[in-house]
Amino acid sequence: MALAKIKSFGISGLDGEKIEVEVDLNLGQQKFEIVGLPDSAVKESKDRVFSAIKNSGFAFPARKITVNLAPASLKKEGSAFDLAIALGILCASGQISKTSVADFVFLGELSLDGSLRPALGLLPILISAKEMGFSKFVVPIQNKLEASYIDGIDVFVVSTLSELAEFLSGAVKLAPVAKKEWETPSNELCAHDLARVKGQALAKRAMEIAVAGGHNILMVGPPGSGKTLLAKCVPSILPDLTFDEAIEITKIQSVAGVLDLNKGIVCSRPFRSPHHTSSVVALTGGGRNAKPGEISLAHNGVLFLDELPEYSRSTLEALRQPLEDGFVTVSRIAQTTKYPANFILVASMNPCPCGNFGSKDLECKCTPTQISKYLGKISGPLLDRIDLKIDVDRVKFCEINEKTLEEPSSAVKKRVDKARKIQIERFSGEGVFCNAKMNNKQIKSFCELDKTSEKMLQDAFEKFNMSARGYTRILKVARTIADLEGSKNILPAHVGEAIAFRNIDKAMRF
Amino acid sequence: MNKIILDENEKAVFWLNCFGLSRKKIGLVLGLFKTFAFAFSKFETKENEIGKIVGESQLQLMKSCRTERFLNEKLVEIEKLNIGIVTIASESFPDSLKNIPDFPFLLFTLGDVSLLKQKSIAIVGTRKPTRYGREITEIFAKKLSESGLVVVSGLAFGIDTVAHASTLEVSGKTIAVLGGGLDEIYPAQNTELARKIVKNGGLLVSEYAPKIRPTVYSFPERNRIVSALSLGVILVEAGEKSGSLHTANSALEQGKELFIVPSNANSTASAGSNRLLEEMPHALAFRPEHVLDVLGIQYNETEKAQSRQLSFEESKILEILHEGEILFDDLVSISGFSVPTLNSLLTTLEIDGIIKRLPGNFVGI
């Protein structure tokens with residue numbers, strides 16, 4: 001019977017799906033047919049497989065070949081089935097023994113000369129496959145690092161189809177990929193350090209609070225005031241990346257095809273700064289194959305939106321649900337996928353189109369209509385999800401020139417780590433991990449104020465015309481400030497500082 | 001819907017205003033009769049003369065519309081918008097307006113008309129003020145309002161808006177003179193402010209009938225009413241071609257006091273007001289008290305917010321701030337306080353109204 005079955009895996013969302021590649025050789029006119037909802041990349045594998053088999057020194061059977069990718073109802077995409085299809089043909093035609101391939105899962109794209117190319121989304125596939133009970137894999141050598149972080153499975157790497165054939169026949173012995181231990185990546189990996197930012201004491205403090213409590217932050221300031229540099233420093237003070245978080249990030253990057261194969265696993269928190277012309281789909285994810293978007297790529301890291309009002313309104317509004325829930329559901333014809341999107345939003349904007357509105361010395365050249373139109377692009381509901389709003393002003397030359405040492409990121413990070421630990425302990429079993437994600441009930445129980453603080457908040461309300469939403473924002477931020485100081489209760493000083501970060505609400509009113 | 005009740009004189013003035021005649025022509029027509037009322041009731045007696053003034057076709061139109069029904073229809077249109085009417089024949093028409101050469105015969109009003117006869121001060125300036133201009137306007141508007149003056153301005157962006165809004169903040173009375181009909185506020189962004197003015201016992205005034213949109217020409221015309229209603233005009237920041245210079249001019253023509261607040265010598269936002277100040281240095285005004293002195297009005301020393309005992313840290317901050325506004329960063333380095341401490345200290349001081357946090361991370365008193 002000229003029939004062979006090879007195990008392989010496809011990707012659906014962030015999970016691997018088991019795909020059985022069945023190859024049948026029949027009598028009849030020479031023909032090569034792939035069935036089972038293949039997309040065009042899969043259909044084209046015919047030609048790659050044909051050449052790869054021929055150029056690896058095997059004979060391509062002159063038969064009517066039918067390849068079925070089972071289950072037939074699932075859409076198959078990508079080129080990672082090449083290897084499995086080629087092996088299926090070789091097994092079915094008796095050039096490779098069927099028993100030798102039975103234990104393995106094969107993944108990889110074929111080149112015309114028979115060498116292998118890396119497979120996309122290997123990490124999520126390995127994780128899913130391991131859960132389903134598969135333990136032996138053959139993958140292209142380029143995916144070696146990606147495969148080395150998963151415990152309890154044997155992954156063999158090969159570079160060509162002929163090498164694989166020798167391995168399967170037993171002529172060559174290969175050792176499974178050695179396991180690597182996860183090491184907490186050091187801070188030095190971050191390119192930007194707060195020590196390099198001169199001045200901006202208030203902005204730095206706000207960054208520290210934002211990161212410690214997972215708060216979103218908006219910086220308002222004229223062009224050239226260092227907003228972007230400050231934002232780029234945020235990853236350097238983010239809490240340590242844990243292995244689970246690293247795997248989550250790697251999975252997303254692997255599926256999106258942006259994973260650095262030289263590293264295999266992501267070692268630093270992502271910092272994504274999509275351009276302001278980005279579409280809704282680019283940001284939230286989607287496209288024909290429901291790929292993850294920028295907000296998912298920023299998962300466990302920072303999403304930096306520079307020049308916030310320049311983004312189209314629909315793009316900004318699309319951020320509202322993910323900012324609230326920490327995930328985004330992408331629905332397309334082919335599939336519906338839920339991608340994680342738990343990020344800290346760091347946004348920056350000018351106070352007006354020309355950037356000088358409210359400046360001490362410079363004249364603003366914008367008309368009031370221009371300004372209100374500019375600021376009006378950012379809706380109230382979106383602003384409500386941003387806990388910290390700060391002014392960033394131009395740095396004076398003497399400040400740039402100063403030789404004084406600024407506090408390095410590592411020192412700030414220590415405080416952040418401590419505050420995060422307090423929060424994780426406090427919220428154990430509550431379903432949230434940081435202050436910013438508290439719901440109203442949690443705010444009530446965890447943000448109790450003493451009389452003095454209560455009075456101060458009330459006075460501030462009357463004095464500054466604050467909204468009810470502003471109230472919960474201040475409570476959350478005050479909680480984080482208290483955590484940074486290691487204080488169990490929220491003290492008046494903490495509330496006082498939290499109130500100081502409401503600048504924009506004031507600027508928006510004129 | 002408020003009912004507009006007009007006596008015979010007022011009715012005649014209102015009727016004459018329904019035909020889009022110029023002020024000059026209305027004046028000439030009214031001048032033909034012994035009393036205003038006759039312009040409506042005995043219109044036919046002077047038909048020939050009127051024909052010469054307004055032209056034949058206009059005369060025919062007026063003759064055909066000289067009915068109570070026409071008048072009532074026109075009045076109901078205005079009543080529907082809750083707008084009131086004050087004519088030159090009305091009790092509430094202020095003398096200050098009659099004394100200017102090109103006085104209006106009719107004003108459309110929304111709010112408390114009694115304000116027209118109260119002592120008022122106008123505050124006008126650029127549509128694009130600097131922060132300094134805003135602050136000065138706020139200080140003048142609040143102090144003068146607290147001393148019992150009605151603050152008059154034009155509801156435009158910038159200084160006008162700040163003047164109205166600051167007056168409302170201290171629950172003062174303010175009059176906004178508009179350059180278009182009262183049914184649709186211009187600029188539309190100030191609709192809410194206009195509503196607040198009326199709600200707080202203020203007044204909106206316009207010499208233009210509802211549905212008339214403002215034009216380039218109507219704003220300068222509006223300015224003469226702003227200055228006419230006031231004892232004096234305070235000019236805060238006016239650019240080289242600012243319309244508020246026009247208000248200042250009409251104030252001078254009408255013999256009103258003009259006060260000019262000085263600004264930075266190199267500021268383009270106040271190039272016009274500074275130049276005017278150079279020409280007439282005696283118009284210089286630093287403080288609201290000076291304005292009150294000149295106008296002969298008692299300065300009302302309002303109770304300062306209860307000055308509380310300052311802590312050592314707070315007085316240290318205030319000492320630094322007395323030198324002028326300062327960047328937050330500099331305050332950190334001079335005072336030696338940590339950022340969190342300083343933030344919370346400043347918030348307490350700000351709530352008590354002792355200091356201000358300004359845009360661009362500045363702190364000031």
Side-chain angles (χ1 to χ4, degrees), chain A residues 198-206 208-209 220-222 225 351 356-369 371-372 390-396 399 404 455-464 481 484-485 491-503 506-507 510, chain B residues 126-134 156-158 160-162 165 169 187-190 192-193 237 239 264 266-271 305 313 324-333 337-353 356-364:
Chain A
K198 297 282 175 203
Q200 309 288 20
L202 192 67
K204 283 180 186 170
R205 171 70 179 164
E208 179 180 336
I209 297 170
V220 184
S225 52
N356 290 336
F357 183 73
S359 160
K360 194 189 178 193
D361 327 292
L362 297 165
E363 193 197 354
C364 171
K365 292 186 176 62
C366 313
T367 64
T369 326
I371 297 174
S372 61
I390 50 161
D391 273 2
V392 183
D393 205 35
R394 277 203 184 88
V395 180
K396 288 179 289 186
E399 266 180 352
T404 49
K455 172 83 173 47
M456 182 197 264
L457 202 48
Q458 204 179 342
D459 289 346
F461 249 75
E462 283 163 18
K463 176 91 184 165
F464 306 134
I481 295 171
L484 274 169
E485 278 193 18
L491 303 176
H494 305 144
V495 177
E497 196 184 358
I499 295 173
F501 292 111
R502 56 162 181 97
N503 278 12
K506 197 171 54 180
F510 61 92
Chain B
T126 174
R127 283 177 193 190
K128 290 191 279 176
T130 61
R131 202 160 78 211
Y132 162 80
R134 285 171 190 275
F157 283 123
D160 287 16
T161 301
V162 179
E169 260 178 55
Q189 283 92 328
N190 274 346
E192 178 61 22
L193 178 63
E237 291 200 312
N264 278 356
N266 60 356
S267 155
T268 46
S270 35
E313 289 90 355
E325 48 185 62
I326 186 172
L327 258 178
F328 183 87
D329 276 17
D330 295 339
L331 193 56
V332 172
S333 52
F337 294 130
S338 72
V339 178
T341 319
L342 196 56
N343 257 333
S344 100
L345 281 173
L346 289 178
T347 302
T348 345
L349 285 170
E350 196 183 7
I351 291 175
D352 293 337
K356 268 186 206 154
R357 299 196 78 155
L358 306 163
N361 283 337
F362 278 93
V363 187

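Quick note on labels: first sequence line is chain A, next is B, and so on, each numbered from 1.
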Part of A/Val392 within contact of chain B (heavy atom distance under 4.5 Å): backbone
Top contributor to chain B interface from A/Pro222, A/Ala498, A/Pro492, A/Ala460 [non-hydrogen pairs under 4.5 Å]: A/Ala460
Any residue meeting side-chain hydrogen bond (donor to acceptor under 3.5 Å, both in side chains) with B/Lys128, in chain and number order, not counting sequence neighbours: none
A/Glu497 backbone acceptor or donor facing B/Ser344 side chain under 3.5 Å: no
Heavy-atom closest contact (A/Ala201 atom, B/Val332 atom, distance): CB-CG2, 4.4 Å
Validation row: B/Asn343, A/Phe501 side chains within 4.5 angstrom (heavy atoms): yes
Which atoms of A/Lys365 approach chain B - backbone, side chain, both or neither, heavy atom under 4.5 Å: backbone
Among B/Leu193, B/Asn266, B/Leu345, B/Val339, residue most engaged with chain A (heavy-atom pairs, under 4.5 Å): B/Val339
CZ-CG distance between A/Arg205 and B/Leu342, expressed to the nearest 0.5 angstrom: 11.5 Å
Euclidean distance, B/Phe328 CZ relative to A/Asp391 CG, rounded to 0.5 Å: 11.5 Å
Smallest separation among heavy atoms of A/Ile499 and B/Ile351, with atom names: CD1-CD1, 4.4 Å
